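For reference, the structure is listed below as C-alpha cells.
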Amino acid sequence: MADSVTNITWDIAEDPFNTTNVGEEGLDKKWFELAELLLGEDRKAREQKISDFKSLLYADPKMSKFITPNLLESEAYLIIYLRAGAWDVTQALAVLNGFYSLGLNYKPYVEMSIPSKLGHVWREKLNTVCEKRDRFGRRVLILRLGKWDPDTIPVEQFFASTFVLLEMLTKEVKTQIAGLTVVIDVQGFSFKHIRNLGINEVRLASAFLHGSFPLWVRRIHVVYQPRIYGILMNLAKPFLSENAKDCLILHGSDLSSFHQEVPPELLPADIGGREPFENTAAVEAAKDMEEHFQELIGLTLTL
C-alpha cells in the first residue's frame, strides 16, 4: 500500500519503539492532522466505523477463530486495519482477508515468523528499522538484499524476519498513520540472489505493497543497484500496482537525491550514513511481542 509525500513534517529525533498500542491520547495534534490528511480519519465517526467493522467481521465465518481478546476483540487491533483501509470498512476487511490469506498461500514463510526462531538471521544484520523517524514521521525499514547469502539463510527465513519487523511496526500508532519509508540496499546483488528469488517471492513482496499488509508504504528507495538487478525488476513489474510503481525510486550510486529525503543521520555508514548498521533495538522490540506472534502465526497456519 503506497502513497506520496505530505507537507506535514517533523524534526528528526529518536523515537523508541512502542509496541504497546497505548498512549494515542497523548499524541501531538499534528499526528491527527496527518491522519485526517492521509487517511480521512474523522474522530467523530470513529466509534461508528469500529462498530460497522465488527459487524462485518463477526458475520464472516472465516474470521471466527481470530475473535480472541488480543486480536479481533481488541479495538486497538481493529484500528490497525481501519487505518490500513483509510477508514473504509470494506477496504479494511479486504486488507484483513489479504493478510490472513498469506497463511494459506505462503505457509513456509509464515511458519518461520517467530522472533525467537530467527536468531541466526538477526546476527547477519540483513534488515533493521531505524529508531529515528524521517521528517515525514515514517519509520525507515532498511533491507540489505545484496548482503543476504542464500546459501546460509534460506529465502523463507529472510522474508520471515522482514515480516516480523513489519508486524512489530503495526502496533505503533504513529506508524499506522505516517507509514513506512523502505530502503533496499542492493550492493553485492548477483545471479545467486536471482536464482533464489522466484515468482513466489515476487508475489509475496508485491502482496505486502498491494493491500495484503496493514501498513502504508509511502516510499521505496533502491540504492547501489547493479545492472543485474534489472532482471528482478522486470520480473516484479507485472505484479506491482500503479501506486507501488509511483513510490519506487532507483538511485544507483548517486545518493544525493536519496539523502535529501532520507538524510545521513538516519542511515548506516554503508549507504552514506554516520553510524554502524544496528538492529538490536528493533529485534528486541519484536522479541517483546513473542506471545503475539505465537498466537497470530499459530492461528493463521490453521486456515
Side-chain angles (χ1 to χ4, degrees), residues 1-3 21 38-41 45-114 156 159-160 162-173 175-177 179-180 199-218 236 238-244 247 289 292-303:
M1 301 169 65
D3 206 347
N21 221 328
L38 292 179
L39 308 176
E41 187 163 325
R46 179 179 174 128
E47 292 307 315
Q48 186 60 52
K49 291 283 189 179
I50 293 170
S51 176
D52 292 346
F53 192 31
K54 279 184 178 178
S55 296
L56 278 181
L57 294 173
Y58 283 47
D60 188 341
K62 298 193 303 298
M63 296 296 169
S64 59
K65 65 176 62 182
F66 295 98
I67 300 175
T68 71
N70 294 322
L71 298 176
L72 297 183
E73 289 180 11
S74 164
E75 185 172 294
Y77 190 76
L78 297 182
I79 289 172
I80 292 171
Y81 286 89
L82 283 164
R83 286 191 169 125
W87 290 91
D88 179 304
V89 173
T90 304
Q91 184 58 36
L93 181 61
V95 176
L96 185 61
N97 275 318
F99 178 72
Y100 287 160
S101 72
L102 296 176
L104 281 172
N105 299 325
Y106 301 101
K107 284 192 176 182
Y109 305 84
V110 173
E111 66 187 359
M112 285 302 303
S113 299
I114 305 292
E156 295 86 357
F159 271 63
T162 302
F163 168 81
V164 163
L165 294 179
L166 290 170
E167 176 66 15
M168 178 268 288
L169 293 177
T170 66
K171 296 293 187 179
E172 296 190 313
V173 173
T175 310
Q176 294 167 18
I177 295 169
L180 288 176
I199 292 295
N200 268 350
E201 289 73 35
V202 169
R203 286 181 184 270
L204 179 55
S206 299
F208 276 87
L209 296 172
H210 190 49
S212 292
F213 196 81
L215 279 179
W216 289 90
V217 176
R218 307 290 184 184
F239 302 101
L240 295 178
S241 67
E242 289 305 312
N243 278 344
C247 77
M289 291 173 53
H292 166 76
F293 282 101
Q294 294 281 2
E295 178 183 16
L296 177 65
I297 302 306
L299 290 172
T300 303
L301 291 174
T302 63
L303 289 172

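One is the number of the first residue; the rest follow in order along the sequence. This one's a predicted model, so the numbers in the text were calculated from it and none came from an experiment.
- Counting heavy atoms from C-beta on, the side chains of Leu215 and Arg83 never come closer than 4.5 Å.
- Under the 6.0 Å cut-off for aromatic ring centres, Tyr100 and Phe66 qualify, their centroids lying closer than that.
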Intermediate values then yes/no, side chain to side chain contact (heavy atoms under 4.5 Å, CB included), His292 and Leu71:
CA-CA 9 Å; His292 166 76; Leu71 298 176; 4.1 Å; yes
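- Atom CG of Leu166 and atom CZ of Phe163 lie 8.0 Å apart (nearest 0.5 Å).
- We find that Lys54 and Glu75 are not joined by a salt bridge, their nearest charged nitrogen and carboxylate oxygen being 4.0 Å or further apart.
- Considering every non-hydrogen atom in both Leu72 and Tyr58, the closest pair reads O-OH, 3.9 Å.
- In this structure, Phe213 CZ and Leu204 CG are separated by 10.5 Å, a value rounded to the nearest 0.5 Å.
- For Tyr106 against Arg203, the heavy-atom pair with the smallest separation is OH-CB, 3.2 Å.
- Shortest non-hydrogen contact noted between Glu172 and Thr175 is OE1-OG1, 2.8 Å.
- We find the CG-CG distance between Leu57 and Asp52 to be 11.0 Å, quoted to the nearest 0.5 Å.
- Judged by distance alone, the side chain of Ser206 and the main-chain N or O of Val202 form a donor-acceptor pair under 3.5 Å.
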Begin from the C-alpha positions of Lys62 and Asn97 and carry the test side chain to side chain contact (heavy atoms under 4.5 Å, CB included) through to its verdict.
CA-CA 9 Å; Lys62 298 193 303 298; Asn97 275 318; 3.6 Å; yes
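- The distance from the OG atom of Ser55 to the CG atom of Asp60 is 12.5 Å, given to the nearest 0.5 Å.
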Derivation of the side chain to side chain contact (heavy atoms under 4.5 Å, CB included) call for Val110 and Phe159:
CA-CA 9 Å; Val110 173; Phe159 271 63; over 6 Å; no
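- Side-chain atoms of Glu295 and Thr68 include a donor-acceptor pair closer than 3.5 Å.
- Nearest heavy atoms, Gln176 versus Trp216: O-CD1, 4.0 Å.
- Shortest non-hydrogen contact noted between Ser212 and Leu102 is O-CD1, 3.8 Å.
- Taking 4.5 Å as the limit, some side-chain heavy atom of Leu93 sits within range of a side-chain heavy atom of Met63.
- Separation of atoms OG1 (Thr300) and CD (Glu111) is listed at 12.0 Å; rounding is to 0.5 Å.
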Can you list the steps and then say if Phe99 with Leu296 is a side chain to side chain contact (heavy atoms under 4.5 Å, CB included)?
CA-CA 11 Å; Phe99 178 72; Leu296 177 65; 3.9 Å; yes
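- Remark: the backbone N or O of Ala86 is not paired with any side-chain donor or acceptor of Glu41 at under 3.5 angstrom.
- A donor-acceptor pair is defined here as one N or O able to donate and one able to accept, closer than 3.5 Å; such a pair exists between the side chain of Ser101 and the backbone of Gly98.
- A 4.5 Å side-chain heavy-atom check between Tyr81 and Val89 finds every atom pair outside the cut-off.
- Heavy-atom minimum distance, Phe293 versus Ile114: O-CD1, 3.7 Å.
- Note that the CZ atom of Arg46 and the CG atom of Leu82 stand 9.0 Å from one another [nearest 0.5 Å].
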